[in-house]
Amino acid sequence: MTTFRKSSVIALAALLLLPSWAGASAPQAQQQRGGQQAAAQSRVAVVIDDFGNKMKGTEEMFKLPVPVTAAVMPFMPTSRQDAEQAHKLGLDVIVHMPMEPNQGKPEWLGPGAIRASMSDAEVRQAVEKAIAEVPHAVGMNNHMGSKITADERIMRVVLAVCKEKGLFFLDSRTTFKTVIPRVGAELGVPVLSNDIFLDDVYTASHVSGQIVKLRKLAREKNDCITIGHVGVPGLITSAAVRSAAASMPQSRFVRLTELLPASAEEKLVLPHA
């Protein structure tokens, strides 16, 4: 369980507010007491995009029996509220940075988006403002962004700001042409990559099929990252994650920061340290 560096009274109050996954009564905590069995478990990080706009499934995601990482869109009606709630629950918070795609409706981007027509200075300003709008953020990922994440000039600016602010970057991998892993390595920015989207099609049957694929990935890999969403698929996705948590004893669901290499954690200012 996360150790809060506060007085014992405040710490006790905080413990009472934590979800079941943070306590010894959680099913996965029981699995972890299995010694060698726990050591063999793969780790799965569930990232939920699009917090910040009172979207369907928001509360359901916060009540899941396993930790999720809250990717919060900046400049939205409940951006700060959702970030604060996630932080109080002991969850990781990251900035869900709107970035221009190759295709898609402009209105899907949301305010404060990075566009290919921007100068370096404009990109820097947009990133700095977005980070300031999402309290407790320890990282960033891209909202849409198939055009921007393939643009080396722009991503150098984005990742440079992340490095200055002590943030890692999660590449949502909306394009196979992404430059993020290479540029991040050159700049010394910790980079993680999405393995599978849970709800890129908004149907229960598709999400269930993606959970099956997630199980397979978790068996094949030590670490696995999956992205879902609040909004249209929010209730479907939250129910699917709840079901997966109960049916994947070989995997341990973790915060996204737990998948960062130790050397990266030393460079970041993490709220759970």
Side-chain angles (χ1 to χ4, degrees), residues 47-59 61-62 67-101 104-145 147-149 151 154-172 174 180 184 187 189-192 194 227-231 234 255-257 260 267-272:
V47 179
I48 301 299
D49 285 352
D50 297 344
F51 282 101
N53 199 28
K54 300 180 181 179
M55 303 286 270
K56 185 185 298 183
T58 295
E59 289 305 316
M61 294 298 184
F62 283 144
V68 299
T69 291
V72 181
M73 293 192 68
F75 313 111
M76 302 298 277
T78 62
S79 296
R80 290 182 173 274
Q81 176 184 325
D82 289 352
E84 291 287 359
Q85 184 173 354
H87 179 68
K88 287 178 182 178
L89 290 171
L91 305 176
D92 281 343
V93 177
I94 62 176
V95 180
H96 192 41
M97 188 73 212
M99 297 182 178
E100 184 180 354
K105 298 180 180 179
E107 58 266 29
W108 291 350
L109 269 177
I114 295 174
R115 300 179 185 276
S117 59
M118 287 181 167
S119 67
D120 289 6
E122 289 171 328
V123 172
R124 169 174 284 276
Q125 184 179 52
V127 176
E128 290 176 341
K129 285 184 176 180
I131 293 171
E133 281 294 310
V134 181
H136 311 296
V138 294
M140 176 179 289
N141 75 334
N142 50 294
H143 170 63
M144 304 176 74
K147 187 172 187 176
I148 298 302
T149 56
D151 187 315
I154 292 179
M155 286 313 305
R156 280 192 179 278
V157 179
V158 173
L159 292 171
V161 176
C162 286
K163 183 175 183 178
E164 292 167 10
K165 301 294 184 180
L167 273 59
F168 65 89
F169 198 96
L170 168 65
D171 185 357
S172 299
T174 55
I180 293 171
L187 296 179
V189 178
V191 170
L192 298 171
N194 175 38
I227 295 179
H229 300 78
V230 293
R255 298 188 307 266
L256 192 57
T257 49
L260 289 168
K267 298 176 183 178
L268 302 175
V269 181
L270 302 181
H272 310 291

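Values reported hereafter were calculated over all heavy atoms of this structure, with side chains retained and with hydrogens, waters and symmetry mates removed. Throughout, numbering of the chain's residues begins at 1 and tracks the sequence.
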### Task
Just do the side-chain contact (heavy atoms from CB on, under 4.5 Å) check on Ile148 and Met155 with the steps written out, would you?
CA-CA 7 Å; Ile148 298 302; Met155 286 313 305; 4.0 Å; yes

- Check step by step if side-chain contact (heavy atoms from CB on, under 4.5 Å) holds for Val189 and Phe168. CA-CA 6 Å; Val189 178; Phe168 65 89; 5.5 Å; no

Stepwise side-chain contact (heavy atoms from CB on, under 4.5 Å) check, Leu192 with Phe169: CA-CA 6 Å; Leu192 298 171; Phe169 198 96; over 6 Å; no

task = Apply side-chain contact (heavy atoms from CB on, under 4.5 Å) to the pair Ile48 and Val230, showing each step before the final yes or no.
result = CA-CA 7 Å; Ile48 301 299; Val230 293; 3.7 Å; yes

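Not counting sequence neighbours, Asp151 has no partner by the salt bridge (Lys or Arg N to Asp or Glu O under 4.0 Å) test. Qualifying salt bridge (Lys or Arg N to Asp or Glu O under 4.0 Å) partners for Arg115, counting only residues two or more places apart in sequence or in other chains: none. For His229, the ring pair (Phe, Tyr, Trp, His ring centres under 6.0 Å) test picks out no residue, with sequence neighbours left out. Partners of Glu59 according to the salt bridge (Lys or Arg N to Asp or Glu O under 4.0 Å) rule, which considers only residues two or more places apart in sequence or in another chain, do not exist here. Residues passing the side chain to side chain donor-acceptor pair (under 3.5 Å) test with Ser172, sequence neighbours excluded: Asn141, Asn142.
With rounding to the nearest 0.5 angstrom, the CD1 atom of Ile180 is 12.0 Å from the CG atom of Leu187. Between the NE2 atom of His136 and the CD1 atom of Ile94 there is a distance of 15.0 Å, given to the nearest 0.5 Å. Note: Met76 CE to Glu133 CD = 11.5 Å, rounded to the nearest 0.5 Å. One distance of note links CG of Asp49 with CD1 of Ile227; it measures 5.0 Å at 0.5 Å rounding.
Note on ring orientation: taking the six-membered ring where Trp is involved, the planes of His143 and His96 are perpendicular (angle over 60°, cut-offs 30° and 60°).
Contact annotation: the side chain of Val72 never approaches that of Val95 to less than 4.5 Å [non-hydrogen atoms, C-beta and beyond]. Side-chain contact between Glu100 and Lys147 is present, with at least one heavy-atom pair separated by less than 4.5 Å. With a 4.5 Å cut-off on side-chain heavy atoms, Phe51 and Gln85 do not count as touching. Using a 4.5 Å heavy-atom threshold, the side chains of Leu256 and Leu170 count as touching. Contact of the Thr69 side chain with the Leu91 side chain is not registered, since no non-hydrogen atoms from C-beta on lie closer than 4.5 Å. Between Ser117 and Glu122, the closest side-chain pair of non-hydrogen atoms is not below 4.5 Å. Using a 4.5 Å heavy-atom cutoff, the side chains of Val47 and Val68 are not in contact. When side chains are defined from C-beta on, Asn53 does not count as touching Met73, because their heavy atoms never get closer than 4.5 Å.
Of the possible donor and acceptor atoms, none in the side chain of Lys54 sits under 3.5 Å from a partner among the backbone N and O of Pro77. The closest donor-acceptor contact from the side chain of Asp92 to the backbone of Thr257 lies under 3.5 Å.
Contact between Met140 and Val158 at its shortest, heavy atoms only, is SD-CG1, 4.0 Å. Taking all atoms of both residues into account, the shortest heavy-atom contact from Pro74 to Pro111 is O-CG, 4.2 Å. Shown here for Ala86 and Phe62, the closest heavy-atom pair between the two residues is CB-CE2, 3.7 Å. Between Val134 and Ala83, the closest heavy-atom pair is CG1-CB, 4.1 Å. Between Arg124 and Ala160, the closest heavy-atom pair is NH2-CB, 4.4 Å. When all heavy atoms are compared, the tightest approach of Leu109 to Pro101 is CD2-CD, 4.2 Å.
Ion pair Glu84/Lys88 not flagged as a salt bridge, since none of the NZ, NE, NH1 or NH2 atoms sits closer than 4.0 Å to an Asp/Glu carboxylate oxygen.
Among Val157, Leu167, Ile114, the one residue that satisfies the side chain to side chain contact (heavy atoms under 4.5 Å, CB included) test with Val127 is Ile114.
The stretch residues 72-83 participates, sequence neighbours left out, in these side chain to side chain donor-acceptor pair (under 3.5 Å) pairs: Thr78-Asp82.
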